[in-house]
Amino acid sequence: MSIIKPRTMPGTMELLPRQQVVHQRFLDTIRQGFERFGFQQIETPAIEMRDVLLTKSGGDTEKQVYFVQSTGSLAQGQDPKLALRFDLTVPLARYVAQHEHELAFPFRRYQIQRVYRGESAQRGRFREFYQCDIDVVGKDSLGLTADAEIPAVIAHVFTALGIGSFTIHVSNRKILRGLLAAHGIDSEEQRAAILREVDKLDKRGRGRVEETLRTGDFGLDDAALAVLMDTIALRGDRAATTEKLRELDVEDPTFREGLDELDAVLGALDDLGVDPERFCANLAIARGLDYYTGTVYETLLDDHPEVGSVCSGGRYEDLASFYTKSKLPGVGISIGLTRLFDQLSALGVLDENAHGSTRVLVTEMDASLAEHGRRCASMLRAAGINTELHTEGQKLAKQFKYATKAGIRYAVILGENEVENGTAMLKDLDAGSQQEVALDELAATIDAAD
RNA sequence: GUGGAUAUAGCUCAGUUGGUUAGAGCACCGGAUUGUGGUUCCGGGGGUCGCCGGUUCAAGUCCGGUUAUCCACCCCA
């Protein structure tokens, strides 16, 4: 019988138990942060109805969708009617439209689940990955404070994750759209193409972007290009950006609206007590996705800018227009946890030798003394200590080796001497030290250890 | 989807101008007199050299095809 090579689909992330512990800490921290800011959890099915998921909006995304089909349906030659979700925003829109009358608005939800995209695999690009989303969805209207709450949560969460300093870049799409409109570029397609180019400013540098915009068919005259390049170079705090923008004195109403909104959001962030070091205005943040209509965000790690955006989102004026006639504006953001975790792991900044969830291994010295081990394990478990009972009767050395590899820090040894004395030997495998402890003090001793 | 590179052990890779039974490090398993691991020493298992075909006395090595992977672009978390 031939052996099938064990392997996973490229673009998936699978962890060993000790890495999984660290990943779980990330999930826990993110969840707690979201809940701290008053967001409530929902989950939606990984599989959605095809027609629900693939509203006619999806041009580029549609090529990356995994269809799902039963073998029976396939055998009958039918087209797949199901598909895997490629983000959490579209399912949210469906969810809100479907349950509109049972939800309290503004609806603040968080959702931490895996999504699927048919990407060609590359570092930092996954086919299955976690998104950690928060969104606020209003009914008919949604105030601008929500646009400030979103980065406030993210600042809180990323600080709590303890992965180094980061900056949330904030902009407002109306500013550039208005600016372009003021220069006579009002084709939505043309504007989108220009914004996509603008988005590459950090990656390619000002020179190349300017060159592309000048030579390509973007409909920009020299004056427009000059103003645009000056505008997207603006970056910094409220004073350094919004005041300069006002000085441009652009007459377009959309431009003014975007400017006022950005100003208000930056001000609200101050009120919310967000560390001014953790966010900035950056007019080059445009976001390729065209469903964002106002505020947009991108989060970069200051020490590892090459990782790219690990958390981005924005405001959309009408979330669920494909599913309901109600007007449901929203604002939200998504942490790309899998990419973030994978990149941090590759950079070696994660603790790869974290202890697992098991704190103690009760070893077995001799089969004739096994009952003492069982009682000891039971006692430790009753005291709330995560305890594994070794049952394989190997040499002590092997049992220690096992514990080390499994990320268990403490070993309890119950040999003849200990049983006679009514004690247990407690060994700290990290420190290499051990102490004999009375059995009835064992749980307390372990509890008190680091 | 477009372009480029690579394909040898579980992982990272060596393999000289084609030449006998294909190597190293790490990992894994076992041992160094049986109540102490993560260090050291010794030993061991594991590869139809991605797949198909061609050239040759002889192919891991050269040629063609194919598949897969990786990188860049596109797009994104």
Side-chain angles (χ1 to χ4, degrees), chain A residues 2-3 5-11 13 16 30 58-64 85-89 112-133 154 192-193 195-197 199-200 203-204 208 212 286-292 297-301 307-314 332-344 353 361 363-366 369 390 393-420 424-436:
Chain A
S2 72
I3 296 221
K5 181 173 180 151
R7 62 206 193 283
T8 51
M9 179 178 78
M13 184 176 78
L16 294 169
I30 292 168
D60 236 26
T61 43
E62 187 149 352
K63 280 191 285 191
Q64 297 194 324
R85 60 169 170 234
F86 50 84
D87 72 4
L88 299 178
T89 305
I112 300 174
Q113 292 192 275
R114 284 192 266 226
V115 304
Y116 302 85
R117 288 183 198 173
E119 295 268 6
S120 61
Q122 267 177 51
R123 169 121 244 142
R125 336 208 49 188
F126 290 86
R127 289 177 174 166
E128 177 188 72
F129 59 97
Y130 272 99
Q131 286 199 326
C132 312
D133 274 37
I154 295 306
L195 292 186
R196 272 199 297 277
E197 222 31 63
D199 218 37
K200 291 170 189 156
K203 207 167 179 181
R204 294 201 175 154
R208 278 186 64 191
T212 307
R287 312 282 304 130
L289 291 176
D290 25 312
Y291 54 77
Y292 294 122
Y297 319 100
E298 263 184 30
T299 310
L300 299 171
L301 302 179
V307 169
S309 178
V310 291
C311 175
S312 48
I333 202 165
S334 177
I335 302 174
L337 178 60
T338 303
R339 170 182 288 179
L340 175 66
F341 190 86
D342 176 69
Q343 301 271 19
L344 291 175
N353 292 315
L361 177 73
T363 60
E364 182 182 284
M365 171 117 270
D366 187 285
L369 301 169
H390 200 90
Q394 295 163 319
K395 304 204 308 194
L396 265 191
K398 293 204 66 168
Q399 298 189 46
F400 291 150
K401 216 168 177 174
Y402 166 82
T404 303
K405 195 167 181 178
I408 304 172
R409 175 155 182 186
Y410 296 97
V412 165
I413 305 152
L414 293 163
E416 278 180 39
N417 302 340
E418 288 79 10
V419 169
E420 249 174 56
M425 191 64 82
L426 177 62
K427 182 177 175 72
D428 180 340
L429 291 160
D430 275 8
S433 59
Q434 60 182 19
Q435 55 175 321
E436 194 168 353

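A note on names: the letters A, B, ... follow the listed sequences, proteins ahead of strands, and every chain is numbered from 1.
- The side-chain contact (heavy atoms from CB on, under 4.5 Å) check on A/Ala411 picks up A/Thr363, A/Phe400, A/Lys427, A/Leu429, with sequence neighbours excluded.
- One P atom belongs to B/C28, the other to B/A58, and the distance between them is 43 Å to the nearest Å.
- With respect to A/Leu369, the side chain to side chain contact (heavy atoms under 4.5 Å, CB included) criterion is satisfied by exactly one of A/Glu416, A/Glu418, A/Glu364: A/Glu416.
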query = Base, backbone or nothing for each nucleotide of nucleotides 39-51 of chain B, written B, S, -, heavy atoms under 4.0 angstrom, 5' to 3'?
reply = -------------
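- Residue A/Thr89 holds its OG1 atom at 4.5 Å from CG of A/Asp87, rounded to the nearest 0.5 Å.
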message = Using a 4.0 Å heavy-atom cut-off to protein, can you give one letter per nucleotide of nucleotides 30-36 of chain B, 5' to 3': B if the base is in contact, S if only the sugar-phosphate is, - if neither?
response = S----BB
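- With sequence neighbours excluded, the residues that form a side-chain contact (heavy atoms from CB on, under 4.5 Å) with A/Asp342 are A/Met13, A/Arg123, A/Phe126.
- Here the side chain of A/Arg114 pairs no donor or acceptor atom with the backbone of A/Glu128 at under 3.5 angstrom.
- Among the heavy atoms of the strands, none lies under 4.0 Å from A/Asp87.
- Under 3.5 Å, the side chain of A/Arg123 and the base of B/C71 form no donor-acceptor pair of N or O atoms.
- With hydrogens and angles ignored, no donor-acceptor pair closer than 3.5 Å exists between the side chain of A/Arg125 and the base of B/A77.
- Secondary structure note: stems in RNA chain B built from 3 or more consecutive Watson-Crick or G-U wobble pairs under 3.5 Å occupy B:1-7 with B:67-73, B:10-13 with B:23-26, B:28-32 with B:40-44, B:50-54 with B:62-66.
- Counting non-hydrogen atoms under 4.0 angstrom, A/Ser312 reaches the backbone sugars and phosphates but no base.
- For A/Arg125, the side-chain contact (heavy atoms from CB on, under 4.5 Å) partners two or more places apart in sequence, or in a different chain, are A/Glu119, A/Gln122.
- Remark: side-chain polar atoms of A/Arg117 are paired, donor with acceptor, to backbone N or O of A/Phe86 under 3.5 angstrom.
- Here, B/A68 and B/G47 have their P atoms 26 Å apart, quoted to the whole Å.
- With sequence neighbours excluded, no residue forms a ring pair (Phe, Tyr, Trp, His ring centres under 6.0 Å) with A/Phe129.
- Taking atom CD of A/Glu119 as the reference point, atom P of B/A77 lies 10 Å away to the nearest angstrom.
- Across all strands shown, A/Phe126 has heavy atoms under 4.0 Å from base atoms, whether or not it also approaches the sugar-phosphate.
- In this structure, A/Gln399 CD and A/His390 NE2 are separated by 4.0 Å, a value rounded to the nearest 0.5 Å.
- Between the CG atom of A/Leu16 and the C1' atom of B/A27 there is a distance of 12 Å, given to the nearest Å.
- Across all strands shown, A/Gly432 has heavy atoms under 4.0 Å from base atoms, whether or not it also approaches the sugar-phosphate.
- Checked by atom type, the side-chain pair A/Asp133/A/Ser334 shows a donor-acceptor distance below 3.5 Å.
- At least one side-chain heavy atom of A/Ile335 sits less than 4.5 Å from a side-chain heavy atom of A/Ile30.
- Looking at heavy-atom distances under 4.0 Å, A/Cys132 makes no contact with the nucleic acid at all.
- The gap from the C1' atom of B/C76 to that of B/C13 amounts to 33 Å, rounded to the nearest Å.
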query = Is there a side-chain contact (heavy atoms from CB on, under 4.5 Å) between A/Leu361 and A/Val412 once you walk through the steps?
reply = CA-CA 6 Å; A/Leu361 177 73; A/Val412 165; over 6 Å; no
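- Here the separation of B/A72 from B/G65, taken at their P atoms, is 26 Å to the nearest Å.
- Note: CD (A/Gln122) to P (B/A68) measures 16 Å, nearest angstrom.
- RNA chain B is contacted by both A/Gly11 and A/Glu197; A/Gly11 maps to the nucleotide lying nearer its 5′ end (nearest heavy atom per residue).
- Look at NZ on A/Lys200: it is 9 Å from C1' on B/C75, rounded to the nearest Å.
- Without hydrogens or angle criteria, A/Ser312 side chain to A/Glu298 main chain gives no donor-acceptor distance under 3.5 Å.
- Interface residues of residues 332-342 of chain A facing RNA chain B, ordered by number: A/Gly336, A/Arg339; criterion, heavy-atom separation under 4.0 Å.
- Going from the P atom of B/A9 to that of B/C51 covers 11 Å, rounded to whole Å.
- Under the side-chain contact (heavy atoms from CB on, under 4.5 Å) criterion, A/Gln113 pairs with A/Glu43, A/Thr44, A/Arg85, A/Leu88, A/Gln111, not counting sequence neighbours.
- Here the P atom of nucleotide B/G37 and the CG atom of A/Leu361 are 15 Å apart, to the nearest Å.
- Between the P atoms of B/U12 and B/U55, the separation comes to 35 Å (whole Å).
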What nitrogen or oxygen pairs link the protein and nucleotides 2-11 of chain B at under 3.5 Å?
none

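- Atom OH of A/Tyr402 and atom P of B/G37 are 19 Å apart (whole Å).
- Only the P atoms considered, B/C42 is 35 Å distant from B/U61, to the nearest whole Å.
- Remark: A/Phe341 engages A/His23, A/Phe26 in a ring pair (Phe, Tyr, Trp, His ring centres under 6.0 Å) (not counting sequence neighbours).
- A straight line from CG of A/Asp428 to P of B/G37 spans 15 Å, rounded to a whole angstrom.
- Distance check on atom C1': B/C49 versus B/C62 gives 16 Å, rounded to whole Å.
- Taking the side chain as every heavy atom from C-beta outward, A/Gln434 and A/Leu426 never approach each other to under 4.5 Å.
- Among the nucleotides B/C71, B/A77, B/U69, the one closest to any side-chain atom of A/Pro10 is B/U69.
- In this structure, the CD atom of A/Gln64 is 9 Å from the P atom of B/C76, given to the nearest Å.
- Judged as a side-chain hydrogen bond (donor to acceptor under 3.5 Å, both in side chains), and not counting sequence neighbours, A/Asn417 has no contacts.
- Annotation for A/Lys200: atom NZ counts as buried by contact number, over 12 foreign heavy atoms lying within 6.0 Å.
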